[in-house]
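Would you mind keeping the following structure in view while I ask a few things?
Reminder, nothing fancy here: chain letters follow the sequence lines and each chain counts from 1.
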Number of protein chains: 2
Amino acid sequence: MGRPHTPLLDRDRIADAALKLTDRRGDFTILDLSRALKVTPAALYHHVHGRDGIIALMRERMARTVDASGFGQLPWDQALRQWAISYRDTFAAHPGAIGMLAAEPVADPAVHALYEQAATALEDAGFPRHMVLAVITAVESFVLGSALDLAAPPAMVTGIDAATTPRLAQAAAAAPPGRARADQAFGLGLDALITGLHHQLSQTGDNP
Amino acid sequence: MGRPHTPLLDRDRIADAALKLTDRRGDFTILDLSRALKVTPAALYHHVHGRDGIIALMRERMARTVDASGFGQLPWDQALRQWAISYRDTFAAHPGAIGMLAAEPVADPAVHALYEQAATALEDAGFPRHMVLAVITAVESFVLGSALDLAAPPAMVTGIDAATTPRLAQAAAAAPPGRARADQAFGLGLDALITGLHHQLSQTGDNP
DNA sequence: ACCTGAACACCGTTCAAGT
DNA sequence: ACCTGAACACCGTTCAAGT
């Protein structure tokens, strides 16, 4: 009882346990979390700003695993591609958590630093200044949407009735199975998006 | 007390009120909803499968406002574009509800019918059968991600420190303000995506 | 069939007390 | 500073009773 000689909790342990719980059930409860950490629910509130604070912590933790090292080192399109793939991979590693984490953006200094690098790379590549944010946003939107698709495939691919929707049924039969379906859609979309961005860049006319 | 002569509730009224509440607060409570409908919380359960059932109802209702009439009438790229824009507009009309609704797909016969038309149009346009689902999914993912961007703009655009991230600050200053920022990103991304899909179609070599 | 009133299990959060 | 035990307000859901 009372304060322990060595602290039982810290923010990292809390975020870890919450992520693990959410991976399994798609959600987490303060009570379950406290049980997993062998602690009273009230103990958590000495380290974290409530349940929302824990979710924010999970987001920050995941954001830090995204590889954005390509910006400034690789050509803009390769860097953008690498970032998008790593971004989605991060979500793919925690499918159960996607629904809870994807809906809101991360607020983290490290994320701002990443955007700085990305903005610099895109402007240096010749994208006009007023388009830079839009390019980054478009790619990020596609990544987030693809993460949702990974977590909860659309009605399109489940419960198809071959009698009423034969062409859809054929298309579904021809598509790769399981996880490969989402991977194919992401790869195809990312290719298209970057090809299209290339095209737009070549039309602005002020690239070096 | 007891059963009223004329029913006080129906599924449409419930979905409407829930959508209105969620628009305002980003969420809704069974108690608040029952108050808005001037009914006891328990009354709702005679019409709807709990809170999740109400959310599903909201999704179906919104899905029905999406205009997919272009498939089979317009060229595939124009139809796809019209669908994507209408899809996003539907979310844009209920910004507060996006976070709650976008995370999971709609399960509705009408949605299957739409996919049937889209799959038919894309295959007829020359897309190989195994790619059809991926094309639709890629566009849908982009729309869903763009809806999230509409509801909760990324850290990129809020709380930028010009001292530590000057290029990002410049890019943000050059971007359109408010809602126009999200619109620009969506438009740019949709253009790029469709340009890229055109490119991929021309490379498959079996288009008519 | 459709509503009310009362009850239930569960949830996140607060706070005094203890070391 | 960091944890426990107890308490609190709130939530979704169930169900017998009433017409």
Side-chain angles (χ1 to χ4, degrees), chain A residues 1-61 96-97 99-101 103-104 107 152, chain B residues 1-61 96-97 99-101 103-104 107 152:
Chain A
M1 227 139 304
R3 176 185 180 197
H5 298 87
T6 158
L8 301 173
L9 292 179
D10 60 69
R11 293 161 66 86
D12 268 336
R13 250 186 292 237
I14 294 173
D16 254 351
L19 203 50
K20 215 166 283 176
L21 270 177
T22 307
D23 277 342
R24 262 187 273 135
R25 316 180 194 183
D27 208 347
F28 77 94
T29 276
I30 294 287
L31 184 64
D32 285 342
L33 181 57
S34 68
R35 273 205 265 259
L37 291 163
K38 292 176 178 170
V39 148
T40 288
L44 298 168
Y45 291 80
H46 292 276
H47 301 269
V48 157
H49 296 313
R51 194 174 184 275
D52 288 345
I54 297 174
I55 295 175
L57 225 56
M58 293 163 70
R59 258 193 279 267
E60 287 171 31
R61 159 162 295 241
M100 205 176 77
L101 299 182
E104 275 191 53
Chain B
M1 225 140 300
R3 178 187 178 194
H5 297 87
T6 159
L8 302 173
L9 292 178
D10 60 68
R11 292 161 67 86
D12 268 335
R13 250 185 291 239
I14 294 173
D16 254 349
L19 203 49
K20 215 166 282 177
L21 271 176
T22 308
D23 277 340
R24 262 186 275 136
R25 318 182 192 181
D27 209 348
F28 76 94
T29 275
I30 294 287
L31 185 63
D32 285 342
L33 181 58
S34 68
R35 273 205 267 258
L37 291 164
K38 293 175 177 169
V39 150
T40 288
L44 298 168
Y45 291 83
H46 292 277
H47 301 269
V48 155
H49 295 313
R51 193 174 186 275
D52 288 345
I54 297 174
I55 295 175
L57 225 56
M58 295 163 69
R59 258 193 279 266
E60 287 171 31
R61 159 162 295 242
M100 206 175 74
L101 299 182
E104 275 192 53

Fill in: For the student: nearest non-hydrogen atoms of Pro41(B) and Ile30(B), plus distance
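Pro41(B) and Ile30(B) have their closest heavy atoms at CB-CG2, 4.0 Å.
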Discussion item. If you only use heavy atoms from C-beta on, which nucleotide in dG5(C), dT14(C), dG12(D) is closest to the side chain of Ala42(A)?
Written reply: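 Of the options given, the side chain of Ala42(A) lies nearest dT14(C).
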Worksheet item: Expressed in angstrom and rounded to an integer, what is the separation of Arg3(B) atom CZ from dC2(C) atom C1'?
Response: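 Whole-Å distance recorded here is 6 Å.
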Worksheet item: Which of residues 31-41 of chain B have a heavy atom under 4.0 Å from DNA chain C?
Response: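 Within this stretch, Val39(B), Thr40(B) sit under 4.0 Å of the strand.
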Item to complete: Answer whether the closest heavy-atom distance between the side chains of Val48(A) and Leu9(A) falls below 4.5 Å.
Response: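 When only atoms from C-beta onward are counted, Leu9(A) and Val48(A) do not touch, as no gap falls below 4.5 Å.
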Worksheet entry | Test side chain to side chain contact (heavy atoms under 4.5 Å, CB included) applied to Lys20(B) and Phe28(B), step by step | CA-CA 9 Å; Lys20(B) 215 166 282 177; Phe28(B) 76 94; over 6 Å; no
Discussion item. Side chains of Met58(A) and Leu101(A), heavy atoms from C-beta outward: is any pair under 4.5 Å?
Written reply: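 In short, these two side chains touch, coming nearer than 4.5 Å.
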Practice prompt. Using salt bridge (charged side-chain N to carboxylate O under 4.0 Å, His left out) as the criterion, list what pairs up with Arg11(B), not counting sequence neighbours.
Written response: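 Listed in chain order: nothing, the list is empty.
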Worksheet entry | Step-by-step side chain to side chain contact (heavy atoms under 4.5 Å, CB included) determination, Ile55(A) to Glu104(A) | CA-CA 10 Å; Ile55(A) 295 175; Glu104(A) 275 191 53; over 6 Å; no
Item to complete: Under 4.0 Å from any atom of DNA chain D, heavy atoms only: list the residues of residues 43-55 of chain A that qualify, in numerical order.
Response: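 Ala43(A), His46(A), His47(A), in order of number.
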Item to complete: Can you sort out the partners of Arg61(B) under salt bridge (charged side-chain N to carboxylate O under 4.0 Å, His left out), two or more places apart, ordered by chain and number?
Response: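 For Arg61(B) the salt bridge (charged side-chain N to carboxylate O under 4.0 Å, His left out) partners, ignoring immediate neighbours, are Asp12(B), Asp16(B).
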Discussion item. Applying a 3.5 angstrom cut-off to the pairing atoms, does DNA chain C sit in any stems of at least three consecutive Watson-Crick or G-U pairs? List them by first number.
Written reply: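 Stem list for DNA chain C: C:4-8 with D:12-16, C:12-16 with D:4-8.
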Worksheet item: Side-chain contact, heavy-atom cut-off 4.5 Å: Leu8(A) with Lys38(A)?
Response: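 No; the side chains remain at least 4.5 Å from each other.
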Item to complete: Working to the nearest 0.5 Å, report the span between CZ of Arg13(A) and CG of Asp10(A).
Response: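 Nearest 0.5 Å value for the CZ-CG distance: 4.5 Å.
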Worksheet item: Does anything in residues 7-28 of chain A reach DNA chain C, meaning a heavy atom under 4.0 Å, and if so which residues?
Response: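 Of all residues in residues 7-28 of chain A, the ones placing a heavy atom under 4.0 Å from DNA chain C are Phe28(A).
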Fill in: Shortest non-hydrogen separation from Gly99(B) to Ala103(A) and the atoms involved
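Residues Gly99(B) and Ala103(A), closest heavy atoms: O-CB, 4.3 Å.
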Discussion item. Once rounded to the nearest 0.5 Å, what's the spacing between atom NE2 of His47(A) and atom CG of Leu57(A)?
Written reply: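 Nearest 0.5 Å value for the NE2-CG distance: 12.0 Å.
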Worksheet item: Which distance, rounded to the nearest 0.5 Å, do you find between the OG1 of Thr40(A) and the NE2 of His46(A)?
Response: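 Those atoms lie 9.5 Å apart.
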Worksheet item: Should Leu37(A) and Leu44(A) be marked as a side chain to side chain contact (heavy atoms under 4.5 Å, CB included) after you check the CA-CA gap, both sets of side-chain angles, and the distance that decides it?
Response: CA-CA 9 Å; Leu37(A) 291 163; Leu44(A) 298 168; 3.8 Å; yes
